[in-house]
Participant: 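Handing you a structure now.
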Amino acid sequence: MNLFCGRKADPVALRTASSRAVDSSISVEAESLMPAAGRRSVVDVALQGTAPAEQVAVSRAKTLDRFRTVDGTFRQLTRAAAISVLVILGGVILSLIIGAWPAIKTYGFGFLTTEQWDPVADKYGALAPVFGTIVTSLIAMLIAVPLGLLITLFLTELCPLWARRPIAIAVELLAGIPSIIYGIWGLFVLAPFLQAWVQPYLIDGLGWIPVVGNLFEGPPFGIGVLTAGLILAIMVLPFITSVSRDVFEAVPPVLKEAAYGLGCTTTEVVRHVVPALHARRRDRRRDARARRDHGGHLRDRQRAQGLGLAARARHHHIGDHRQRVHRSRGRPLHRRADRARPGPVRDHLHRAGRRALHADANRAPGRMRAGRAP
Amino acid sequence: MNLYDRRKLKNNIVIFFALVATAIGLGWLAVILGTLVYHGASGLSLEVFTHNTPPPATKGGGLLNAIIGSLFMTVIAVLIGTPVGILAGTYMAEYGRFSKITHVVRFINDILLSAPSIVVGLFVYDIMVAPLHGFSGMAGAVALAVLVIPVVVRTTEDMLALVPKELREAASALGMPLAYVIGKVSYRAARAGIVTGILLAVARISGETAPLLFTAFNNQFFNWNPFSGGMASLPAAIFFFALSPYEEWKSLAWTGALIVTLAVLALSIAARALASPRKAS
């Protein structure tokens, strides 16, 4: 290492040299002319006021060059990944279409509506599995939708705050259980149970009904569309709960409180205020888009800043109606843009309120509250 | 009965049913977990983790080959799927936020996110098993990787989109090129969310059976060669053992079910725990 013979006692250069892993093959001259790009060299430049401008320029060019290479490479890499995702996932869809094409060409739509499955005669019809899929899904939905909605009602309106999260997580854990576990559980636990305790009574009780009875005929096997439907119902329950919870929680508390204030019961609030919010849902979708395009959680930030609904709408440059309301503030009441008129939310609130008023008239004196305490 | 009483009654009935529904939902989870522990815990011993699956109608034996097979395929699937998914998600959220590719990828990704896993199994059967004339552990891993990708792409894109743009602007103002902004700012801010996405993906694939039946199939023996011959996996072993007529196999199926469920539930709870403090960002 003959690094220090050229210049003496320059503490900065000393530090620079010792801080780098120096290749001894590089000559002193080259080293002093062109300090390798890096954090240290910036410090050097700041301290060595006498450093030649050319030296700075070279180091800057090197850094920029590296930046450009890294950025370009990374950009192309991510782009390639995105395209490969497209290719893979598109391939799945394409292979489905190609694989299904012979059957579609030969049998056409009749494939779905004929029952015969006869490999010898080369006749195939998928009605039986199609029917099974539809019936089991239907049963599952008939059970899971009311169940999911009721659970959501409990979670959003009735449940004490501290228990909400644990219960919601427990219900969502149902989604985490692998499907094979549901299979083995349905086969060994649910099917024997239904066979022994439920199906005999169903067959006795419902078998005589003309059309529906066909579903409840024959010996109880345990396994069948009812068992499958029940299992599928448990499997979709968490999805229904979580989606409807999102919908319920999208209702601004002010609206619910207004309905409660008018004397609505919990049931009436959920029944009339929550479904009235198609408009609100549209807002959410717009929010999601805005979030994606602007970055950051617009709604959360605005909520944190204490902006109200109208302010939020204005902030998004989206709520024409809100802006009209804002502009019409000075006018007389009946000419304001937010005067009472049939609209989804106001209409429902209105009706709920009228009903509460009627109820009020019928109310026995002394009893003040319907449903929940304010 | 006047109107007021009727409304109150109706309200009480609905509330009652809501309580019952919640009890059913929670009870069902409890019953499933309870039966798993009841049937599975008795068979849980060291032998399960040290011995291969036994021949029919013999005592003893374990699930070692199935456990190793599951671990192998899951790890390979994550190794293939995660980098592709994260990079693609990065492109969609950072470089090409408004490009056409992003919209197309997002659309197809959303379709595949909810596609039945058996379809993915068929796809890999078409491209790997049929041309190579045989099941293999690698085909199973690829099928699982195809399942991992949509989940990771989606969570990565969403989490990067949540990073406030002011952070990126600040970094850019300091002169960082975009690649450094992404690596040093965006990824760090979104790290918890991205890890959560990966954990959820692992939880999802480690219980998958349908795609494996077409690709890795099953194996009664240990198979070290991932490129030829079937490879055992826990879900497939459970599937075949549960349907078999032998008591010993059935009890092993319960034990395997308990192991899979505990692992998957632990993963999803971990993912949730990681995801919750994310709100700070």
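Convention: sequence-line order gives letters A, B, ...; per-chain numbering from 1.
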Participant: Heavy-atom distance under 4.5 Å to chain B: side chain of L237(A), backbone, both or neither?
Facilitator: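 Only the side chain of L237(A) comes within 4.5 Å of chain B.
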
Participant: Counting heavy-atom pairs closer than 4.5 Å to chain A, which one of L122(B), I32(B), D126(B), L26(B) comes out on top?
Facilitator: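 That would be I32(B).
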
Participant: Taking all non-hydrogen atoms of both residues, which atom of A242(B) and which atom of F188(A) are closest, and how far apart?
Facilitator: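 The answer is O-CZ, 3.2 Å.
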
Participant: Relative to each other, are the rings of Y180(B) and F67(A) parallel, tilted or perpendicular (30° and 60° limits)?
Facilitator: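 Answer is tilted, since the angle falls between 30° and 60°.
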
Participant: Hey, mind stepping through I101(B) and R79(A) against side chain to side chain contact (heavy atoms under 4.5 Å, CB included) and telling me if it holds?
Facilitator: CA-CA 9 Å; I101(B) 302 177; R79(A) 208 176 124 92; 3.5 Å; yes

Participant: Could you walk me through whether L89(A) and F107(B) satisfy the side chain to side chain contact (heavy atoms under 4.5 Å, CB included) test, starting with their C-alpha distance in whole Å, then the side-chain angles of each, then the deciding distance to 0.1 Å, before giving a yes or no?
Facilitator: CA-CA 10 Å; L89(A) 304 187; F107(B) 177 69; over 6 Å; no

Participant: Return the minimal non-hydrogen interatomic distance between V14(B) and L150(A), and the atom names on each side.
Facilitator: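 That would be O-CD2, 4.2 Å.
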
Participant: Please check this pair: side chain of D71(A) against backbone of A179(B), looking for a donor-acceptor N/O pair closer than 3.5 Å.
Facilitator: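 Side chain of D71(A) to backbone of A179(B), a donor-acceptor pair under 3.5 Å: yes, one is there.
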
Participant: On a heavy-atom basis, which atom in Y91(B) and which in A82(A) lie closest, and how many Å separate them?
Facilitator: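 Distance-wise, the nearest heavy atoms are CD2-CB, 3.8 Å.
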
Participant: When rounded to the nearest 0.5 angstrom, what is the spacing between OH in Y4(B) and OG1 in T265(A)?
Facilitator: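 Output value for this atom pair is 10.0 Å.
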
Participant: Find the distance between OG1 (T261(B)) and CH2 (W185(A)) and round it off to the nearest 0.5 Å.
Facilitator: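 Spacing of OG1 (T261(B)) from CH2 (W185(A)) equals 12.5 Å.
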
Participant: Distance from S268(B) atom OG to E172(A) atom CD, nearest 0.5 Å?
Facilitator: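 So the gap between those two atoms works out to 10.0 Å.
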
Participant: Quick one: what part of N109(B) sits under 4.5 Å from any heavy atom of chain A, side chain, backbone, both or neither?
Facilitator: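 Backbone plus side chain of N109(B), per the 4.5 Å heavy-atom cut-off to chain A.
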
Participant: In plain terms, say whether E268(A) and K10(B) are close enough for a salt bridge, that is, a side-chain N and a carboxylate O under 4.0 Å apart.
Facilitator: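 A salt bridge is absent here (no side-chain N lies under 4.0 Å from a carboxylate O).
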
